[in-house]
Amino acid sequence: MTMWQDNAAYAASSSQNAYYGPGNQPNMPLQFYDQSSFYPGSRSSLEGNAAPAQGSIVQPGASGYTGSIQPAGGWWTAFGTGGFEGEPPLLEELGINFSHIKAKSMTVLNPFRRVEDHIMDDADLAGPLIFCFCFATFLLFSGKPQFGYIYGLALLGSVSLYCLLNLMSEQGIDAYRVLSVLGYCLLPMVGVGALSVIVTLDGMIGYLLSSLSIVWCTYAASGIFVAVLRMSDQRLLVAYPVGLLYGCFALLSVFNVGGSK
């Protein structure tokens with residue numbers, strides 16, 4: 001009996017401690033306490049008194065990297081990797097090298113110079129695609145929309161020459177290089193297409209200019225193929241199908257194939 005009374009007295013005293021106040025009494029309102037007295041490290045932002053953070057993360061005098069990876073510049077800086085050491089330019093990673101395009105174009109424009117054996121080791125399609133697009137655009141401005149014929153003829157002619165060159169040579173050549181050579185050697189024909197915007201080619205002047213462009217393109221392309229494949233004794237055999245292909249391009253530049261009558 002004494003033990004039960006001691007336990008009851010301890011329970012009554014613990015229910016009225018300094019933290020929780022008196023026990024559940026019917027007529028006492030709820031009491032709220034200042035939490036700062038119990039939690040000294042409480043955040044002031046809970047009461048809405050927080051001030052916005054100001055200043056920099058890097059303390060004054062502390063060493064830190066504060067530069068930018070890419071220097072500020074115009075829109076052309078998006079095509080470079082100037083902020084990364086050892087990284088090639090973005091256009092070069094995409095296979096667009098303007099110095100190589102210029103070197104191959106100069107080889108075509110001057111067909112009498114000696115062609116290097118390794119000129120097509122770095123073959124690309126950037127220049128050929130640009131030349132084909134320019135050729136089709138010039139014909140469009142002259143009233144001859146021939147985009148489909150130009151790209152279809154280029155694809156069919158490249159496949160045919162790929163098969164012929166691999167049958168004629170022991171070394172062999174891949175289709176990518178065949179497309180690259182034929183596309184670069186189309187450059188004189190692009191000039192004829194540009195003249196068709198100003199002058200009508202359906203006449204004696206047009207026939208002469210188109211014939212000159214066929215000979216020029218054929219001589220340049222056959223020279224590159226012979227140099228790459230080491231077929232100096234078979235240049236005329238290589239030039240014959242190449243000339244037929246560029247003759248078809250010349251017909252597209254002179255006549256409006258598929259146009260309304």
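No experiment lies behind these values; they were computed from the predicted model shown.
Judged purely by atom type and a 3.5 angstrom limit, S180 has no side-chain atom pairing as donor or acceptor with the backbone of R177. Distance alone, capped at 3.5 Å, places no donor-acceptor pair between the T218 side chain and the V215 backbone. No donor-acceptor distance shorter than 3.5 angstrom exists from the side chain of W216 to the backbone of M189, with no hydrogens or angles considered.
Residue L251 qualifies as enclosed at atom CG: its count of foreign heavy atoms under 6.0 Å is above 12. The number of heavy-atom neighbours closer than 6.0 Å to CG of L236, taken from other residues, nucleotides and ligands shown, is 12 or below. Applying the 6.0 Å contact sphere to CD of E170 captures no more than 12 heavy atoms from other residues, nucleotides or ligands. More than 12 heavy atoms of other shown residues, nucleotides or ligands fall within 6.0 angstrom of atom CZ in F147.
You'll find the side chain of D202 reaches within 4.5 Å of the side chain of Y207, heavy atoms only. Contact of the I173 side chain with the V181 side chain is not registered, since no non-hydrogen atoms from C-beta on lie closer than 4.5 Å. Residues L182 and P128 have side chains not in contact (no heavy-atom distance under 4.5 Å, counting atoms from C-beta outward). Contact of the C134 side chain with the I130 side chain is registered, since non-hydrogen atoms from C-beta on lie closer than 4.5 Å. Counting heavy atoms from C-beta outward, F249 and I214 have side chains that stay 4.5 Å or more apart. Residues F133 and I150 fail the side-chain proximity criterion, which asks for heavy atoms closer than 4.5 Å. L245 places a side-chain heavy atom less than 4.5 Å from the side chain of L153. Residues I224 and C185 are in side-chain contact: their nearest non-hydrogen atoms beyond the backbone lie under 4.5 Å apart.
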Quick one, L201 with F255, criterion side-chain contact (heavy atoms from CB on, under 4.5 Å). Give me CA distance, side-chain angles, the key distance, then yes/no. CA-CA 8 Å; L201 297 181; F255 303 103; over 6 Å; no
Apply the test side-chain contact (heavy atoms from CB on, under 4.5 Å) to residues F225 and S169: give CA-CA distance (whole Å), side-chain angles for both, the deciding distance (0.1 Å), then the verdict. CA-CA 10 Å; F225 281 132; S169 65; over 6 Å; no
How far apart are the C-alpha atoms of S105 and F131, what are their side-chain angles, what is the distance that settles it, and do they pass the side-chain contact (heavy atoms from CB on, under 4.5 Å) test? CA-CA 10 Å; S105 301; F131 294 155; 3.5 Å; yes
CA sep, side-chain torsions, deciding dist, call: M106, R113, side-chain contact (heavy atoms from CB on, under 4.5 Å): CA-CA 10 Å; M106 294 305 296; R113 63 184 295 184; 4.1 Å; yes
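Between the side chains of Y176 and D124, not a single donor N or O lies within less than 3.5 Å of an accepting N or O.
Note that NZ of K104 and OG of S99 are 9.5 Å apart. Values are rounded to the nearest 0.5 Å. Separating the CG atom in L165 from the CG atom in L237 is a distance of 11.0 Å, to the nearest 0.5 Å. To the nearest 0.5 Å, atoms CG (L208) and OG (S210) are separated by 7.5 Å. M231 contributes atom CE, which lies 4.0 Å from atom CE of M168 (distance to the nearest 0.5 angstrom). If you take CG on L155 and CG on L179, they are separated by 7.5 Å, rounding to the nearest 0.5 Å.
Residues L139 and V192 do not share a hydrophobic cluster, defined by chaining ILVMFWY side chains whose heavy atoms lie under 4.5 Å apart. Clustering ILVMFWY residues whenever any of their side-chain heavy atoms sit less than 4.5 angstrom apart, transitively, puts L140 in a cluster other than the one holding L186. Residues Y162 and V228 fall within the same hydrophobic cluster, defined by Ile, Leu, Val, Met, Phe, Trp and Tyr side chains chained together at heavy-atom separations under 4.5 Å. The same ILVMFWY cluster, assembled from side-chain heavy atoms under 4.5 Å apart, contains both F138 and F135. Under the 4.5 Å side-chain contact rule for hydrophobic residues, V108 and L195 do not share a cluster.
The nearest pair of heavy atoms linking V254 to K144 is O-CE, 3.4 Å. Taking every heavy atom of both residues into account, N166 and G172 meet most closely at OD1-CA, 3.5 Å. Summarising the geometry of A126 relative to I101, their closest heavy-atom pair is CB-CD1, 4.1 Å, with the distance given to 0.1 Å. For S158 against V178, the heavy-atom pair with the smallest separation is O-CG1, 3.7 Å.
The cationic atom of R235 (NZ for Lys, CZ for Arg) lies less than 6.0 Å from the six-membered ring centre of Y219 and within 45° of the ring axis.
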